[in-house]
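What follows is a short report on a single structure.
If you're wondering where the values come from, they're calculated on a predicted model, not measured in any experiment.
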Amino acid sequence: MRFPSQTFLLGLGLLVWNPGWAQEEAPPLQVNLAFASSHVFRGVERAGDSAQAAVELNRDAWRAGFWINQPFDHHSTREVNLNAAYAWSPAGLSALEVSVTHTWFDGVPGGGVQSSFEAGLNARLAPVAGFTPSFAYYHDFRFQADAVQASLAHSIALTRLGAFLELNLFAGWTRGDDWRPDTPGPRRGDSHGYWGGEVCLPYRIGPHATVVAGLHYAGNSGRSVAGGPFGRAARGNLWATLGVNLDF
């Protein structure tokens with residue numbers, strides 16, 4: 001699944017992570033359920049221990065779905081988003097995807113943010129020596145924010161397990177002119193850089209089920225706690241995910 005935990009994931013993205021678009025055709029229906037010890041978006045932690053769920057429909061080059069992050073701490077921010085995308089393969093690229101996501105927030109510390117709407121463009125290049133680079137640009141119309149991100153993915157075959165260890169590195173920068181659009185008064189603008197990496201082990205356990213375990217790290221620099229995007233003040237975040245992906 002590709003939601004805004006990483007590349008719109010990226011990255012998004014449900015934190016049961018997929019390092020890019022699948023090489024084979026996606027199943028018509030996917031259901032993902034996961035536990036995440038943190039919910040981190042572009043280097044900023046938005047919630048702690050959380051249950052996450054996603055449903056995605058695929059038809060030809062189109063996909064659409066929804067995603068939920070429900071923290072176990074009921075004083076933390078809850079999120080729900082609806083998303084859609086179209087992908088194709090132009091000359092010189094492995095894939096080019098245009099996406100839109102509308103997100104609703106509940107329980108944001110200090111308020112000021114009830115929803116956002118973001119459009120993105122993600123280009124994945126052909127693999128080079130086993131490494132797959134991708135570049136993404138996003139614009140959020142409510143936050144009046146722009147983000148750019150570069151990612152590098154690599155798969156390591158685990159022959160004895162019959163699985164692949166998926167690695168991903170990413171770095172990005174985002175700037176917003178109105179991070180509190182629902183707060184009266186002057187706009188709050190800020191920018192920050194972020195970076196990180198993750199390792200993920202998907203293991204097929206049946207014709208329709210895959211267990212996915214992941215370890216993730218993300219940091220940020222330059223973010224203003226008062227004027228920047230909402231989230232906790234930590235500059236470095238290490239978290240784990242464990243979930244199951246079901247396809248039909």
(message) Run the side chain to side chain contact (heavy atoms under 4.5 Å, CB included) test on W239 and L215 for me, step by step, so that the C-alpha distance in whole Å, both residues' side-chain angles and the decisive distance to 0.1 Å come before the verdict.
(response) CA-CA 6 Å; W239 73 99; L215 186 65; over 6 Å; no

Does the side chain of [X] pick up a donor-acceptor pair with the side chain of [Y] at under 3.5 Å?
{"X": "S38", "Y": "N237", "answer": "no"}
{"X": "N122", "Y": "E97", "answer": "no"}
{"X": "N58", "Y": "E56", "answer": "yes"}
{"X": "R142", "Y": "S116", "answer": "no"}
{"X": "Y137", "Y": "D146", "answer": "yes"}

Can you get from [X] to [Y] by hopping between Ile, Leu, Val, Met, Phe, Trp and Tyr side chains that sit under 4.5 Å apart?
{"X": "F141", "Y": "V148", "value": "no"}
{"X": "F170", "Y": "V128", "value": "no"}
{"X": "W88", "Y": "F135", "value": "yes"}
{"X": "V225", "Y": "W179", "value": "no"}

Could you report the tightest heavy-atom contact between [X] and [Y], atom names first, then the distance?
{"X": "S191", "Y": "W173", "result": "CB-CZ2, 3.9 Å"}
{"X": "A85", "Y": "S99", "result": "CB-CB, 3.8 Å"}
{"X": "G120", "Y": "Y138", "result": "CA-CD2, 3.4 Å"}
{"X": "V113", "Y": "P181", "result": "CG2-CD, 4.2 Å"}
{"X": "S76", "Y": "A47", "result": "CB-CB, 4.3 Å"}
{"X": "F164", "Y": "L201", "result": "O-CD1, 3.7 Å"}

(message) Any side-chain to backbone donor/acceptor pair from S89 onto S94? Under 3.5 Å, distance only.
(response)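 Yes, S89 side chain to S94 backbone: donor-acceptor pair under 3.5 Å.
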
(message) Looking at D190 and S224, would you say the former's side chain and the latter's main chain have a donor-acceptor pair under 3.5 Å?
(response)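 Yes, D190 side chain to S224 backbone: donor-acceptor pair under 3.5 Å.
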
Using a 4.5 Å cut-off on heavy atoms from C-beta on, say whether the side chain of [Y] contacts that of [X].
{"X": "L165", "Y": "V199", "result": "yes"}
{"X": "R124", "Y": "T132", "result": "yes"}
{"X": "V244", "Y": "N32", "result": "no"}
{"X": "N83", "Y": "R63", "result": "yes"}
{"X": "W67", "Y": "V55", "result": "no"}
{"X": "V211", "Y": "L242", "result": "yes"}
{"X": "S115", "Y": "H102", "result": "yes"}

Which distance, rounded to the nearest 0.5 Å, do you find between the [atom1] of [X] and the [atom2] of [Y]?
{"X": "D60", "Y": "Y86", "atom1": "CG", "atom2": "OH", "answer": "8.5 Å"}
{"X": "R232", "Y": "H39", "atom1": "CZ", "atom2": "NE2", "answer": "11.0 Å"}
{"X": "F66", "Y": "T101", "atom1": "CZ", "atom2": "OG1", "answer": "14.0 Å"}
{"X": "I68", "Y": "W104", "atom1": "CD1", "atom2": "CH2", "answer": "11.0 Å"}
{"X": "C200", "Y": "E166", "atom1": "SG", "atom2": "CD", "answer": "7.0 Å"}
{"X": "D140", "Y": "T103", "atom1": "CG", "atom2": "OG1", "answer": "8.0 Å"}

(message) Assess the residue pair Y194 and S221 against the criterion (side chain to side chain contact (heavy atoms under 4.5 Å, CB included)); give the C-alpha distance rounded to whole Å, side-chain angles, the decisive distance to 0.1 Å, and a yes or no.
(response) CA-CA 6 Å; Y194 63 94; S221 177; over 6 Å; no

Taking side-chain contact (heavy atoms from CB on, under 4.5 Å) as the test, write out the residues that go with [X], two or more places apart.
{"X": "L57", "answer": "L29"}
{"X": "V44", "answer": "H192, N220, R223"}
{"X": "T77", "answer": "E79, F105, V108, P109, F230"}

(request) Count the heavy atoms belonging to other residues, nucleotides or ligands that lie under 6.0 Å from OH of Y217, then report whether that count exceeds 12. (result)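 More than 12 heavy atoms, drawn from other residues, nucleotides or ligands, come within 6.0 Å of this atom.
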
(message) Does R235 have more than 12 heavy atoms from other residues, nucleotides or ligands lying within 6.0 Å of its CZ?
(response)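 Result for CZ/R235: open.
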
(request) Please report the C-alpha distance between N69 and S50 in whole Å, then the side-chain angles of each, then the deciding distance to 0.1 Å, and finally whether the side-chain hydrogen bond (donor to acceptor under 3.5 Å, both in side chains) criterion is met. (result) CA-CA 6 Å; N69 186 82; S50 301; 3.3 Å; yes

(message) Run R204 and D247 through salt bridge (charged side-chain N to carboxylate O under 4.0 Å, His left out) and show every step you take.
(response) CA-CA 11 Å; R204 197 77 170 175; D247 53 71; 2.9 Å; yes

(request) Using the ring of F143 (Phe, Tyr or Trp, six-membered ring only), decide whether R188 places NZ or CZ under 6.0 Å from its centre and within 45 degrees of its axis. (result)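 Judged by the rule (NZ or CZ under 6.0 Å from the ring centre, within 45° of its axis), R188 is not positioned above F143.
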
(message) Run H208 and L246 through side chain to side chain contact (heavy atoms under 4.5 Å, CB included) and show every step you take.
(response) CA-CA 5 Å; H208 300 289; L246 305 174; 5.7 Å; no

